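Residue numbering restarts at 1 for every chain, and letters A, B, ... go by the order of the sequence lines. Because the structure is a prediction, the values reported are computed rather than measured.
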There are 2 protein chains.
Amino acid sequence: MMLLFPQRKNSSTRDYIYETLKKNIILLHLKPGQVITENEIAELFCVSRTPVREAFVRLVQEGLLETYPQKGTTVSLIDLERVDEARFMRRTLEKAVLQMACNNFPQELFFELRSNLALQELCIQEKNFIKLFELDEDFHRLIYRGCRKERIWELISQINADFRRIRVLKLSLGIGVGEVVKQHHRIAELIFSKDVTNVDKVIEEHLPQNDPDFENLQKLYSQYFK
Amino acid sequence: MMLLFPQRKNSSTRDYIYETLKKNIILLHLKPGQVITENEIAELFCVSRTPVREAFVRLVQEGLLETYPQKGTTVSLIDLERVDEARFMRRTLEKAVLQMACNNFPQELFFELRSNLALQELCIQEKNFIKLFELDEDFHRLIYRGCRKERIWELISQINADFRRIRVLKLSLGIGVGEVVKQHHRIAELIFSKDVTNVDKVIEEHLPQNDPDFENLQKLYSQYFK
DNA sequence: AAAAGCATATTAGTATGGTAGTATACAAAC
DNA sequence: GTTTGTATACTACCATACTAATATGCTTTT
């Protein structure tokens, strides 16, 4: 069911609920299509409905929840169109960002990249695919950070919830995990060796226009999809 | 001060307030740095604080408002860093989108593009620069729509509020309006003639990495900037 | 005159209650 | 057995009230 995390100091109830719900939606603990109500969440967190409402407002804005007035609220279904859009944005932006990274990347972050990759390998061995997902995102965030574009990464992650969710689903089944990490190594190698000539090719492989696995997932888990 | 618009049928109070505030912030009727409170907006719209709060939650999430607990809320200042990020995103994505448009763009939308350009010219003559701003955005939206990427346009517009605001400020002063419309003509011409070879060049001119006008605006209107 | 303390006002965050729209269950009519 | 009408339950939207944190103004002390 739902995972709970300790509330950070100085965070409002609203923010805490928002972050907790969001994490649970992305990690598929709250399933696409699942009905949740302000009342049940308020009871779960032992608070009034107000901060729950306000958290819901944010999650609706991000496309993670869908509210039906007077009827109820559901976790939004994964929409393959949105997944395609997210992939287009990521592919386009990451070609540009990786090119910048190959041209100029702070040495101080090399170690973090390498550490991240080592932990990714470890996650494969330990079959901890949720942790792998988080490291995957940290990997990309590091690259954006090295190019002074970290906020862009945060922004596109925020609007790409469906893409993130389908990737969690895919990873949780262990599909393609080895290949993903290999591609991360290739990306990092381009940065280390300042090789701009292969940027497009590597990104196209990492974020292809079509991913047959996604279509298969839609068939296997049709109740999760729009 | 603030412009009010008729409320659309079937829209909730919350949505109406959100849209109205947002529009007034983007068009600079609500000035960067200006203090607004839940109470004063609630009084203005003759409603309780609750839908105002919920609208504020969304606007805070989009970076248009900044809330200081127990102290108050201000319209956010324009942050040139965010402007740069927005420009990077737009430049990167629009090279890709314009390339797609040159390869394949629906004939049905040609007329809309041409109409839009004609109206832009009219706005220059009539010095209606706010309308020009809207047409400018419609122009780009049309291109994204022709490439089946309209939602991406909506998403990046949502997160690029600072860039939009500084453009409103610039246009409202009549700066560079003729050049902007010329560039739109060039962009459209690339689409009509399916000329992919000049895409990067035209977009780089339209969304350059640096815009000296923005730095000057920061000097002239320093109270609007972070 | 300047600093410290206290009272009051202001504002956002949260709790509780009322209303409107919808769904469901049950009874009555056909 | 099926359809229609009514009552009740459920849920989000909005209103009102309470609480906590902060700012401001005034008074007292140094």
Taking the side chain of [X] as its heavy atoms from C-beta onward, which of [options] lies nearest to it?
X: B/Thr37; options: D/dA12, C/dT11, C/dT14; value: C/dT11
X: B/Thr67; options: D/dC14, D/dA15, C/dG13; value: C/dG13
X: B/Lys71; options: D/dT22, D/dC18, C/dT16; value: D/dT22

Below 4.0 Å: OP1/OP2 of C/dG13 and any side-chain N or O of B/Arg53
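Answer is yes, contact under 4.0 Å.
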Any side-chain N or O of B/Ser48 under 4.0 Å from OP1/OP2 of D/dA15?
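So the side-chain polar atoms of B/Ser48 do come within 4.0 Å of the phosphate oxygens OP1 or OP2 of D/dA15, strictly under.
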Would [X] and [Y] count as having a side-chain donor-acceptor pair, cut-off 3.5 Å?
X: B/Ser76; Y: B/Arg165; value: yes
X: B/Asn116; Y: B/Gln120; value: yes
X: A/Glu66; Y: A/Tyr68; value: yes

Atom-pair distance ([atom1] on [X]; [atom2] on [N]), nearest Å:
X: A/Tyr68; N: C/dG21; atom1: OH; atom2: P; answer: 20 Å
X: B/Ile41; N: C/dT11; atom1: CD1; atom2: C1'; answer: 14 Å
X: A/Arg49; N: C/dG13; atom1: CZ; atom2: P; answer: 19 Å
X: A/Ile17; N: C/dT14; atom1: CD1; atom2: C1'; answer: 10 Å
X: A/Glu38; N: C/dG17; atom1: CD; atom2: P; answer: 16 Å
X: A/Leu59; N: D/dA12; atom1: CG; atom2: C1'; answer: 16 Å
X: B/Gln70; N: C/dT14; atom1: CD; atom2: C1'; answer: 10 Å
X: B/Phe56; N: C/dT11; atom1: CZ; atom2: P; answer: 11 Å

Classify [X] by what it touches in the nucleic acid, base, sugar-phosphate, or nothing, heavy-atom distance under 4.0 Å.
X: A/Glu54; result: base
X: A/Arg14; result: sugar-phosphate
X: A/Thr50; result: base

Starting at the 5' end of DNA chain C and moving along, which residue's nearest nucleotide shows up first, A/Thr13 or B/Gly72?
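Closer to the 5' end of DNA chain C: B/Gly72.
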Take atom NZ of A/Lys131 as the centre, draw a 6.0 Å sphere, and report whether it contains more than 12 heavy atoms from other residues, nucleotides or ligands.
no
B/Arg145 CZ: over 12 foreign heavy atoms closer than 6.0 Å:
yes
